[in-house]
Amino acid sequence: MKNLLRKSATCLIVFSLLAASFSIHNLSANAETEISEGAKILKEKYESINRMEGIEEDKELVENRMESKENYKKVLKKVQKKDDTYNRHYSGSYLNDDQELVILTCGNDGKLKQSIEKECGEDEVILKKVDFSYNDIKKVYDEMTEHIGKLNFVKATYIDEINNSVVVCLDKYDKEKMDIIRSLVKEPEMIKFKLESGVEESAGKNVYPGQKISIGNYDYSMGFRAYYESGNGNVKGFVTAGHNTSVGAKVYVYTSNGNRVQVGVVKYRKFSGKTDACFVALTGDNTASRKVYYNSDSNTDKAVGVNLCKDCLVIPEVGDIVYKAGATTYLTSGKILSVNYSVNYDGVVIKDLILTSCTAGKGDSGGVLYEKYAGAYEQLGVQSGVLVDSQVGNKNKYKKSLFTSADKITNLDWGKNGIWIY
């Protein structure tokens with residue numbers, strides 16, 4: 001939330017979207033009008049930037065995505081206010097392949113439909129009837145995350161909003177084990193089972209997002225640059241993955257001849273709760289860049305990618321088109337599949353990770369996840385792991401990857417007032 005309050009004018013839509021999602025419930029008619037006007041301005045700016053960059057993107061998809069984000073903000077505002085109609089009948093939402101907003105409803109949802117049409121306009125969203133409310137799904141998910149660390153045959157669990165269920169990943173189908181899991185929750189009919197071999201952590205001058213770095217005996221990738229406030233001023237650095245790291249560890253980059261040069265030291269680290277991340281404080285005259293290291297799935301060109309937005313982060317949503325930059329598989333893209341993926345890393349349970357279909361590999365850990373919205377490239381998180389059963393042949397490539405959400409990192413009590421993106 002801290003970073004959201006310091007956005008520049010070019011990030012008006014993201015500011016209004018995220019701020020409304022967390023705390024603003026009394027936008028005036030004038031404020032809503034300003035947001036609408038801001039959307040028009042950003043749309044024109046976005047199209048202008050695309051022309052300058054020579055990027056061709058389906059205009060209908062762009063317009064659908066922008067409209068969906070605005071409508072999602074309006075719906076989420078109601079959810080955050082704990083509106084009784086939404087609590088009982090709202091079942092989640094996602095973006096479909098056409099980037100249209102799909103809102104799931106359940107039960108006697110007539111009032112909810114009327115409210116959605118009032119907030120978003122008739123025929124502006126797709127309504128789909130399902131069996132369970134999001135609140136009920138979330139309760140079962142929370143129950144499962146309480147037990148996941150005690151059941152070594154459970155590899156992960158997450159909310160599948162598209163299919164209105166809680167998915168429990170097992171190493172193999174076993175009726176006895178499945179019955180045990182069902183007995184642990186109050187609404188077992190919400191649970192679906194999936195085979196999953198497991199999840200592995202993918203740890204495998206100027207520093208750039210996605211660039212290869214080294215901490216201890218492991219290789220990682222830089223995430224996004226950040227700073228924290230101390231009694232002696234701002235301490236600049238960057239965020240990467242936290243697993244297998246330790247506070248005080250030296251952090252290196254590789255030179256063209258393969259030598260390692262120190263660029264920083266791990267100042268803060270968390271590998272628990274909802275966070276797999278550490279903060280690297282830069283040493284000497286080293287600096288961190290906003291320019292992504294790669295612009296394709298090849299490592300031929302370096303430090304030639306897009307510039308990440310200054311002071312920007314965005315809340316992830318199922319269906320979002322996203323990009324991952326890392327030192328092993330370079331720049332890959334995919335979609336967000338879940339925003340509530342909890343996993344057991346050899347006894348350490350990390351909750352509410354982002355699951356994507358971005359190809360990744362060991363060594364991509366810490367790499368940045370971002371999305372393009374209204375011409376800006378906004379940080380979503382840093383990579384935590386890969387799903388083992390999504391491996392491509394015998395290669396160090398996996399079709400599904402996990403990320404710690406950026407907003408979970410920036411709200412940690414690191415420094416005087418937490419971590420700030422800059």
(request) Over 60° means perpendicular and under 30° means parallel, so classify the ring planes of Tyr227 and Trp420, tilted if in between. (result) parallel
(request) Apply side-chain contact (heavy atoms from CB on, under 4.5 Å) to Ser115 and list each qualifying residue two or more places apart in sequence or on a separate chain. (result) Lys78, Tyr86, Glu119
(request) Using salt bridge (Lys or Arg N to Asp or Glu O under 4.0 Å) as the criterion, list what pairs up with Glu187, not counting sequence neighbours. (result) none
(message) Going by the rule ring pair (Phe, Tyr, Trp, His ring centres under 6.0 Å), which residues pair with Tyr158 if we only count those two or more places apart in sequence or in a different chain?
(response) Tyr341
(request) Please list, chain by chain and in numerical order, all residues satisfying side-chain hydrogen bond (donor to acceptor under 3.5 Å, both in side chains) with Thr105, sequence neighbours excluded. (result) Asp109
(request) Scan residues 90-140 for pairs that pass ring-ring contact (aromatic ring centres under 6.0 Å, His included), counting only residues two or more places apart or in two chains. (result) none
(request) Under the side-chain hydrogen bond (donor to acceptor under 3.5 Å, both in side chains) rule, collect the residues that match up with Asn96, sequence neighbours excluded. (result) Glu100
(request) Under the side-chain hydrogen bond (donor to acceptor under 3.5 Å, both in side chains) rule, collect the residues that match up with Lys138, sequence neighbours excluded. (result) Asp142
(request) List for me each residue that meets side-chain contact (heavy atoms from CB on, under 4.5 Å) alongside Lys351, sequence neighbours excluded, and say none if there are none. (result) Tyr141, Thr145, Glu146, Lys274, Ser342, Val349
(request) Just jot down the side-chain hydrogen bond (donor to acceptor under 3.5 Å, both in side chains) partners of Ser133, sequence neighbours excluded, or say none. (result) Asp136
(request) With sequence neighbours excluded, tell me which residues meet side-chain contact (heavy atoms from CB on, under 4.5 Å) with Ile191. (result) Val140, Met144, Val168, Ile181, Val185, Phe193
(message) For the SG atom of Cys358 and the NZ atom of Lys400, what is their distance to the nearest 0.5 Å?
(response) 12.5 Å
(message) Taking ring pair (Phe, Tyr, Trp, His ring centres under 6.0 Å) as the definition, give me every residue that meets it alongside Tyr228, ordered by chain and number, with sequence neighbours left out.
(response) Tyr268, Phe279
(request) Any salt bridge (Lys or Arg N to Asp or Glu O under 4.0 Å) involving residues 314-337? Give me the pairs, sequence neighbours left out, ordered by first then second residue. (result) Lys69-Glu317, Lys69-Asp320, Asp97-Lys335, Lys324-Asp364
(message) How long is the straight-line distance from OG of Ser338 back to CD1 of Ile162, given to the nearest 0.5 Å?
(response) 9.5 Å
